[in-house]
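See below for the structure under consideration.
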2 protein chains.
Amino acid sequence: MDTIIAASRLEALGNPTRLSLYRALVRAGHGGLSVGDCQSRLGIAQSTLSFHLKALIVAGLVTQERQGRTLVCRANFEVMSGLVDFLVAECCRDECCGTSEASAA
Amino acid sequence: MDTIIAASRLEALGNPTRLSLYRALVRAGHGGLSVGDCQSRLGIAQSTLSFHLKALIVAGLVTQERQGRTLVCRANFEVMSGLVDFLVAECCRDECCGTSEASAA
DNA sequence: GAATTATTTCGATAAAACCGGAAATATCGA
DNA sequence: TCGATATTTCCGGTTTTATCGAAATAATTC
């Protein structure tokens, strides 16, 4: 995953309102939540919710599916998994040869 | 972990410059990197680096230790681990009873 | 204590984020 | 088509962020 893309996803999660929204969707699991359900849970203005929801969708963290009048939102678990993998990828790769003190040799 | 704290950490990682910086430290592993090493790797102004480094430190993602004239920076792996755990915590908790269709019952 | 190296703070500026109210769009039911 | 429900877009104002250069601080060495 590109650093730019990973950063945009982390940025999307890096707002308390959006993080709460995302976690509500994570808790909801497969079934997801309608936009209205999200709104009543978070208790913020609809326009504000729509704004943040869109940010999560653009980032690829959330998907939407229309069901009649309502839009069902779901967390995209694969994207989250990829993001987590990215964060820990290459951990300690440059830490060669088991030096126990910094800048040894 | 509090949502506010988690969001602040994700926000800290949600900037391409800071994410690159953090990943450089993750790659460096236990030995860490001096601020000067970070600067030469990222190729940005020192003031800019200092600004972003401070953000990571305030967020708790990075620690610093003085060694003579240099400040050694290290990724705080425990904090990262906690953050990852937070993201996947309570997954599907509200998805009761294995309904396969949304809003069944 | 003066010179040197390492790092941060300050000042300025342009860009972006955040928020809610009002209006617009889309779907359903009768 | 008309009315009701569900959701988004547009608008504006305020706050925050990102960036760099220049000056200041901190620790070391001679």
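Chain naming here is simple, since letters A, B, ... match the order of the sequence lines and numbering starts at 1 in each.
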Just list the side-chain donor-acceptor pairs under 3.5 Å for residues 1-12 of chain B, sequence neighbours left out, or say none.
residue : atom : partner : partner atom : Å
D2(B)   : OD1  : I4(B)   : N            : 3.1
S8(B)   : OG   : I5(B)   : O            : 2.7
R9(B)   : NE   : A59(B)  : O            : 2.8

Verify the contact: side-chain N or O of [X] to OP1 or OP2 of [N], cut-off strictly under 4.0 Å; return yes or no.
X      : N       : value
R18(B) : dA18(D) : yes
N15(B) : dT17(D) : no
H52(A) : dA17(C) : no
K54(A) : dT7(D)  : no

Atom [atom1] of [X] and atom [atom2] of [N]: how far apart are they, to the nearest Å?
X      : N       : atom1 : atom2 : answer
L49(B) : dA22(D) : CG    : C1'   : 17 Å
I44(B) : dT7(C)  : CD1   : P     : 13 Å
L42(B) : dC20(D) : CG    : P     : 11 Å
F51(B) : dT9(C)  : CZ    : P     : 12 Å
E65(A) : dT7(D)  : CD    : P     : 13 Å
Q39(A) : dC19(C) : CD    : C1'   : 14 Å
D37(A) : dA6(D)  : CG    : P     : 10 Å
Q46(B) : dT25(D) : CD    : P     : 17 Å

From C-beta outward on [X], which listed nucleotide comes closest to its side chain: [options]?
X      : options                   : value
S47(B) : dC10(C), dT19(D), dT8(D)  : dC10(C)
S34(A) : dA18(D), dT7(D), dT9(D)   : dT7(D)
R69(B) : dA26(C), dT29(D), dA18(D) : dT29(D)

- Quick one: side-chain contact (heavy atoms from CB on, under 4.5 Å) partners of Q39(B), sequence neighbours excluded? Q46(B), L49(B)
- Select from Q64(A) and E11(A) the residue whose nearest nucleotide in DNA chain D is closer to the 5' end of that strand.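 Its nearest nucleotide being more 5', the pick is Q64(A).
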- Check for a donor-acceptor pair, side chain of R66(B) on one end and backbone N or O of G68(B) on the other, with a separation under 3.5 Å. yes
- Least distance between heavy atoms, F86(A) atom then L19(B) atom: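 Scanning both residues completely, I find the closest heavy atoms to be CE2-CD2, 3.8 Å.
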- Message: Mind checking if T48(B) touches a base, just sugar-phosphate, or nothing, with heavy atoms under 4.0 Å?
- Response: base
- Task: Please work out if T70(A) contacts a base, only the sugar-phosphate, or nothing of the nucleic acid, heavy-atom cut-off 4.0 Å.
- Result: sugar-phosphate
- Message: Do V35(A) and I57(A) land in one hydrophobic cluster if side-chain heavy atoms of ILVMFWY residues count as linked below 4.5 Å?
- Response: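 Cluster IDs for V35(A) and I57(A) match.
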- Message: Go nucleotide by nucleotide along DNA chain C from the 5' end; which of G43(A) and L71(B) gets its closest nucleotide reached first?
- Response: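 Result of the comparison: L71(B).
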